[in-house]
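Down below is the structure, laid out as structure tokens.
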Amino acid sequence: MMLIGYDRESMKLRHFRMCTIVYYSSSMYIRRMKPTPPFILQYWTSSCSFFTCTLLRLRPYSATATATATADFSPSPSLLIDEFTRFCYQRDLPRAMKAMKSMQKHQLWADSITYSELIKCCLAHHAIHHGRLIHKHLFSHGHRPATFLINILLNMYVKFNLLDDAQALFDQMPHRNVVSWTTLISAYANTNAMLHHDKALQFLILMLRDGVRPNMFTYSSVLRASHGLPNLQQLHSSIIKTGLDSDVFVRSALIDIYSKWGELHNSLRVFDEMVTADLVVWNSIIGGFAQNTDGDEALNLFKRMKHAGFWADQGTLTSVLRACTGLALLELGRQIHVHVLKFNQDLILNNALLDMYCKCGSLEDANSVFSRMVETDVVSWSTMIMGLAQNGFSRKALQLFESMKASGTKPNYITILGVLFACSHAGLVEDGQFYFQSMNKCFGIYPGREHYGCMVDLLGRAGKLDEAVKLIHEMECEPDTVTWRALLGACRVHRNTDLAIYAAKRILNLEPNDAGTYILLSNIYANSQRWEDVAEVRRAMRGRGVGKEPGCSWIEVDKQIHAFILGDKSHPQIGVIRMELDQFIWRLKELGYVPDTNFVLQDLEGEQKEDSLSYHSEKLAIVFGMMSLSREKTIRIRKNLRICGDCHVFAKLLAKMEHRNIVIRDPIRYHHFRNGICSCGDYW
DNA sequence: TTAGGGTTAG
């Protein structure tokens with residue numbers, strides 16, 4: 001390669017082939033190079049073209065400079081563009097940017113593809129400043145880049161999450177094609193803000209008015225922005241009219257959005273209409289059901305998928321684990337764990353596995369997975385902290401939180417929630433207050449509704465009802481039903497009827513058809529022997545058509561799920577189970593067990609009262625577990641309602657008498673019964 | 001050049 005420059009003495013363009021080059025940037029000496037061998041100039045990196053050079057011309061084979069020619073180096077346009085292009089393709093961002101600066105000075109531009117490579121490089125390095133310089137260069141000296149290239153810039157701003165910059169650029173575009181519109185629509189649809197979703201939908205209309213036809217990219221993006229079912233159905237009809245509903249991306253987006261709106265039948269319909277699905281669509285539909293707490297259907301689809309000849313990938317297994325988690329299917333979860341080992345480096349999948357073990361009440365397995373994970377993140381730690389807290393190991397949860405801080409992982413909103421949950425469920429009032437008061441100062445996390453809910457729960461359970469009410473009044477955000485429910489629960493435990501009625505009414509103002517609150521209120525009246533008020537609540541429920549959800553417990557035995565519903569006698573072995581249960585109650589009574597009739601919801605007397613308690617679903621499930629599972633196996637039960645005080649005493653005593661381990665998961669927390677005590681310390 | 005699935009709470 002030769003260097004080309006103007007010789008200041010002759011004022012002519014010269015080729016310098018043999019020289020020692022000393023070159024400067026401003027006045028600073030940078031480098032000196034001797035030619036080896038003479039006549040052949042070593043290939044110089046093109047960085048020399050950006051400096052004023054002093055060229056020391058040498059005689060052949062002479063070591064002494066005989067003449068000095070100082071030249072203002074002025075490279076040829078093609079050379080500069082070639083260098084720039086090379087750096088862009090080499091992803092050498094600093095050199096490419098230098099080369100671009102020189103091009104800008106000489107009013108030179110490379111082709112669009114080269115800039116797209118450079119912008120990719122900026123995105124990879126999150127180099128926003130460089131991205132803006134490229135934007136400036138492309139529009140410098142009145143230059144007008146092609147629509148293709150502006151689209152790339154537009155996408156760059158979107159990926160940098162600079163939507164205002166993207167919008168400003170879009171507004172300036174003289175010509176917008178389907179990609180320009182789709183990029184902007186997709187940007188607005190992908191945020192969580194309602195306002196942005198509205199914009200995405202407005203832009204779809206403007207796009208149509210502009211005569212630009214949406215394609216599959218546009219529809220698969222804009223679907224995310226749909227608000228409500230009518231709007232979604234409208235979009236779905238437009239998609240069918242254009243014939244784009246056969247596109248797998250569009251189908252997948254339709255399945256996702258129908259699932260998001262809880263329209264699982266529509267999701268399934270869209271899915272079933274497909275002639276063939278690829279793996280991702282299967283994952284969409286399985287994930288849709290798993291996230292909508294319809295684990296049964298998710299598992300059915302998983303079976304169908306395997307039947308159709310597909311191998312599960314990380315995404316599938318994560319959703320299937322989530323379904324197991326929701327249904328508390330420990331044995332199936334363990335089987336999935338075997339498949340997970342193939343993807344043992346996948347962080348999200350491992351986190352789902354951790355959560356499955358925690359939610360199925362097997363902390364030993366969760367600990368074992370956690371300790372073997374090569375990579376952990378804030379979700380892994382938070383899952384473990386919450387898992388320990390929910391399972392009654394509050395101290396361990398707090399110890400783990402300290403380890404997390406020591407590991408350098410920054411806690412997030414949910415981590416703190418787990419910490420407060422641990423405190424509230426173990427009665428650690430002072431610890432809870434300390435973490436709550438320091439969360440903003442130490443971790444920069446402002447307390448949200450959920451944190452206040454935990455604190456109300458913490459104070460309320462500890463009997464500090466006045467402080468709990470004071471805290472609700474101090475909340476910066478409006479208290480919601482979760483907050484009032486926490487107070488209501490505390491009122492029930494501490495028998496504060498007046499405050500309970502106040503809290504319950506606040507809940508019913510917000511959710512007039514909430515069966516749980518009516519039941520809790522009726523419970524409180526029943527505990528205070530206010531049977532007329534109980535009847536009044538029942539009347540209000542009937543008036544509104546609100547039904548009490550019957551207590552239901554599930555247990556997994558030999559890969560089969562057995563459900564026990566209060567008052568339901570459909571289980572094939574129900575007669576034997578009831579007889580066995582009566583035997584256990586009789587033996588326990590001899591050891592001092594007295595049924596706690598405070599938990600009966602009806603105004604019944606004597607034996608009748610005791611009877612309705614005897615057949616609570618969890619008691620039937622426990623007895624069935626004892627009959628079906630070998631002694632060394634833990635009896636694991638999932639419940640739809642909170643466990644009642646009588647069943648709690650029953651489980652504790654039975655676990656001791658029969659030397660069995662029993663775990664009951666209710667909608668809020670877990671109870672591990674062993675040797676006459678429960679992990680919750682009777683505080684729940 | 002533009003689009004798709006999976007993890008922690010309630």
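In what follows, every chain begins at residue 1, and chains take the letters A, B, ... in the order their sequences are listed.
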So what does [X] hit on the nucleic acid, given a heavy-atom distance under 4.0 Å: a base, only sugar-phosphate, or nothing?
{"X": "A/Asn350", "answer": "nothing"}
{"X": "A/Asp480", "answer": "nothing"}
{"X": "A/Met216", "answer": "base"}

Indicate, yes or no, whether a donor-acceptor pair under 3.5 Å links the base of B/dG6 to the side chain of A/Asp346.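 Indeed there is one.
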
Base B/dA3 paired with A/Ser220 side chain (donor-acceptor, <3.5 Å):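 Indeed there is one.
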
I want to check one thing: is the phosphate of [N], taken as OP1 and OP2, less than 4.0 Å away from some side-chain N or O of [X]?
{"X": "A/Gln291", "N": "B/dT8", "answer": "no"}
{"X": "A/Arg322", "N": "B/dT8", "answer": "yes"}
{"X": "A/Lys159", "N": "B/dA3", "answer": "yes"}

Value rounded to 0.5 Å, distance of OG in A/Ser368 from CZ in A/Arg372: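 The OG atom of A/Ser368 sits 3.5 Å away from the CZ atom of A/Arg372.
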
Do A/Thr147 and A/Asn177 have side-chain atoms, one donor and one acceptor, less than 3.5 Å apart?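 On atom types as modelled, these side chains do not qualify, holding no pair under 3.5 Å.
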
I need the NE2-P distance between A/His337 and B/dT7, as an integer number of Å. 18 Å

Which of residues 448-458 of chain A have a heavy atom under 4.0 Å from DNA chain B?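 Those residues are A/Glu450.
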
For DNA chain B, which residues of residues 354-381 of chain A approach it to below 4.0 angstrom with any heavy atom? A/Asp355, A/Lys359, A/Val379

